[in-house]
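Protein chains get the first letters and strands the later ones, always in sequence-line order, with residue 1 at the start of each.
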Number of protein chains: 2
Amino acid sequence: MTLSDVAKAAGVSLSTASRAINGSKDRTVNPELRDRVLAAAAELRYAPNAAAQAIARGRSTTLSLIVHDLTDPYFSSIAAGVSRAAKAAGSTVILGIAEHDLAQTMSLVEAARSHRSQGLVIVGGLRADTELLSALQSVIDDYRRATGAGVAIVGQGVLDVASVAPANREGAAALARALVARGNRTYAILTGPSDHLTGRDRAEGFTEGLADSGEIIALIEGDFTRDGGYAAMTELLSEAVRPDVVFAVNDVMAVGALAAARDAGVRVPEDVRVAGFDDIPTLRDIVPSLTTVRVPLERIGEFAVSLALGEDITDESATQEYEVVLRDSTN
Amino acid sequence: MTLSDVAKAAGVSLSTASRAINGSKDRTVNPELRDRVLAAAAELRYAPNAAAQAIARGRSTTLSLIVHDLTDPYFSSIAAGVSRAAKAAGSTVILGIAEHDLAQTMSLVEAARSHRSQGLVIVGGLRADTELLSALQSVIDDYRRATGAGVAIVGQGVLDVASVAPANREGAAALARALVARGNRTYAILTGPSDHLTGRDRAEGFTEGLADSGEIIALIEGDFTRDGGYAAMTELLSEAVRPDVVFAVNDVMAVGALAAARDAGVRVPEDVRVAGFDDIPTLRDIVPSLTTVRVPLERIGEFAVSLALGEDITDESATQEYEVVLRDSTN
DNA sequence: TGGTGCTCGGAAATCGCTTGCCGAGCGTAA
DNA sequence: TTACGCTCGGCAAGCGATTTCCGAGCACCA
């Protein structure tokens, strides 16, 4: 079923059929003809060929989204927001999974370029390694040059690219202050790999928030995953001193830390308190319920889309909002 | 940067450039020329226009994936598998979120048709409503006819479409038997909306598994979500009799049930035991740890792709495997 | 040396659609 | 009645690739 079949069936020319169907601006088509075309199209169950349209119009209607791991609720929350905003903007989402691998990320950016996506959203996981980063930067520049489209990164703004991040520093600082106010003095931070920027920001924000009302007695790196949190917590617990509070830089790690504590026979919050970051809904029913910082991840995703698509009126409040949620794990 | 720019730069014709780049079969191109073309392409950072290729070749290289809710770990697990398999098959994933809405599902199928996707995977959430279902069926048939491509549904096979589902009945039955063997006699089932087929299958399988060694004293419907589980459990606990075990047809609902019990001051597993289904990794650290049935959701997603893509050698073991995992919540 | 059969570049058709341009037809005003 | 200006179909030229087909050039054999 091509458009020309429809035109034939309606007894009009190709151009008229095209104009009738996508109601071309600054051109009107006779209502009677239009209806005939529409009827024929419906009759034949015509669906326009998206690729042909893209090529004829000179631009596609896709938005490329790159995330590292869809099973991680952090990514899937943001992806959900991206997807919703894309739908609202009338774009189709092309999804790529990068598996925390910069090479894959780069090849997905190339794919986005091949598809001439109208926008590109890359979610998180940027490492500080300069050399690799500049390779990514150049691939992104190629993408921009080829498509003229926008790029948004959810995470830190290390690249020369619009970036949108939750209020990592501020949220972590506020969390620290709240913890200090509750009388906690000594702290440990379970952070991600040292070059992981989001983790770094949160750790630094937390440190700032403590100011000199609290002392950081340990900083342990681990994978940004549940198991990473478990391992880091296990390591921490094997040491002589035990902090009042353990701050894991995200909820998934905090859950791992909780499990490690449990397995080690250390009670939370009695023996040690634990806090996370993100307030992932799926983790709401963890026991003890997790003290954390709520950030609007889905809205961050939506904002990233509006950035990538270069929309004008953009509400960037999502990048500022955060809420410290004190729950049982730090009681 | 078009291919003809590359051809010009390399001093060859368009056809030669094309052949050099995608190494056309049954045609060889002079190595020297080929290298010149490749060099020019690299130099100019040429990226083929996917839309143009799709139209010229007469087929796209995309696979459309429709899920209902990316923030639900059930869907994101499957989506992760789909995405991985698509990558392996060299396809690009087009992602659509249907929000449990049949109308949106249908329009996403139309979109897949517009993109002439090589395959279509629809994940779950099929309701038994005949009328709507047949509308979906007809849209799917249109898709098939237009693309000649395959469709796979993850869930029940109510439509005339290849379907792939985890071992819902078998797994639930095995769970029931394991629970019976531990001496539990009375049961309640928290299921999804009555027309939700996966929930129904699991409930029925569970019932079969009990045979006459156990008695179902309540069957409560709720949303297929955490809150649905919470509400259903609350309702159950308000009744006079209390079952030995509550089986929620998925983990997310089971977590809600756990929370409801906790809020009602009912201890698990002392006062009542709770079991779920899926064994979602993110929920592994719930306390009390959840008895459930592990099904290989990611591999189910992969299998769905091979079905949709019409691959020959397909390992369908993922649809048979299950493992009853007894944990603290039914101790 | 002439004929035959390859190999392999390049010209051109094609995919399905959009859109610039031309011109037919009609209404209106002088 | 003539001229002018609109409105609105349709022809045809792209968009950026792939692929068919043609023919030039060369090797090989008789």
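Rounded to whole Å, the distance from CZ on A:Arg57 to P on C:dG16 is 17 Å. As rounded to whole Å, 13 Å separates atom C1' of C:dT18 from atom CG of A:Asn49. With rounding to whole Å, B:Ile21 atom CD1 is found 15 Å from D:dT19 atom C1'. Following rounding to the nearest Å, A:Ile55 (CD1) and C:dT18 (P) show an atom-to-atom distance of 12 Å. Taking atom CZ of residue B:Arg34 and atom P of nucleotide C:dC8, one finds them 11 Å apart after rounding to whole Å. Look at CZ on A:Arg59: it is 14 Å from P on D:dG16, rounded to the nearest Å. Distance B:Met1 CE to D:dG16 C1': 13 Å, rounded to the nearest Å. One can place NZ of A:Lys8 at 15 Å from C1' of D:dG10, the figure rounded to the nearest angstrom.
Checking the phosphate oxygens (OP1, OP2) of C:dG16, no side-chain nitrogen or oxygen of A:Thr2 falls inside 4.0 Å. The phosphate of C:dG10 (OP1 or OP2) has a side-chain N or O of B:Thr16 nearer than 4.0 angstrom. A sub-4.0 Å separation between OP1 or OP2 of D:dT18 and a side-chain N or O of B:Asn22 is present. The shortest distance between the side-chain N/O atoms of A:Gln53 and the OP1/OP2 oxygens of C:dT18 is below 4.0 Å. The side chain of A:Ser18 places an N or O atom within less than 4.0 Å of a non-bridging phosphate oxygen (OP1 or OP2) of C:dT18. Between B:Asn30 and C:dT7 there is no side-chain N or O to OP1 or OP2 distance below 4.0 Å. Under 4.0 angstrom from either OP1 or OP2 of C:dC8 there lies at least one side-chain N or O belonging to B:Thr28.
Proximity of a side-chain donor or acceptor of B:Thr105 to a complementary backbone N or O of B:Ala98 within less than 3.5 Å is not detected. Of the possible polar contacts, none joining the B:Tyr46 side chain to the B:Asp5 backbone as a donor-acceptor pair under 3.5 Å is found. Between the A:Ser114 side chain and the B:Pro48 main chain, a donor and an acceptor come within less than 3.5 Å of each other. A donor-acceptor pair under 3.5 Å is absent between the side-chain atoms of B:Thr319 and the main chain of B:Val164, judged by distance alone. Within the 3.5 Å criterion, the main-chain N or O of B:Phe75 finds no donor-acceptor partner in the side chain of B:His68. At distances below 3.5 Å, not a single donor-acceptor pair connects side-chain atoms of B:Ser18 with backbone N or O atoms of B:Leu14.
Few gaps surround CD on A:Gln137; more than 12 heavy atoms of other groups in view lie less than 6.0 Å from it. For CD of A:Glu99, the number of neighbouring non-hydrogen atoms (other residues, nucleotides, ligands) closer than 6.0 Å is greater than 12.
Five base pairs at each end of the helix from C:dT1-D:dA30 to C:dA30-D:dT1 define two local axes, and these are offset by 50° (rounded to 10°).
Here C:dG9 is the nucleotide among C:dT19, C:dG9, C:dG16 with the atom lying nearest to any side-chain atom of B:Leu33.
Donor-acceptor pairing under 3.5 Å, judged by distance alone, is absent between the side chain of A:Arg27 and the base of C:dG20. In the interface, the side chain of A:Arg19 is paired with the base of D:dG10 through a donor and an acceptor atom under 3.5 Å apart.
When side chains are defined from C-beta on, A:Arg57 counts as touching A:Asn22, because their heavy atoms get closer than 4.5 Å. Taking the side chain as every heavy atom from C-beta outward, B:Leu70 and B:Leu95 approach each other to under 4.5 Å.
Both A:Ala47 and B:Val12 sit near DNA chain C, but only B:Val12 has its closest nucleotide nearer the 5' end.
Using a 4.0 Å cut-off between charged side-chain N and carboxylate O, B:Arg113 and B:Glu110 make a salt bridge.
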Enumerate the protein-to-nucleotides 12-14 of chain D contacts in which both atoms are nitrogen or oxygen and the separation is below 3.5 Å.
none

Please list, for nucleotides 23-25 of chain D, all pairs of protein and nucleotide N/O atoms separated by less than 3.5 Å.
none

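A side-chain donor from one of A:Ser64 and A:Ser117 sits under 3.5 Å from a side-chain acceptor of the other. For the residue pair A:Gln118 and A:Thr61, no side-chain donor N or O sits within less than 3.5 Å of a side-chain acceptor on the partner.
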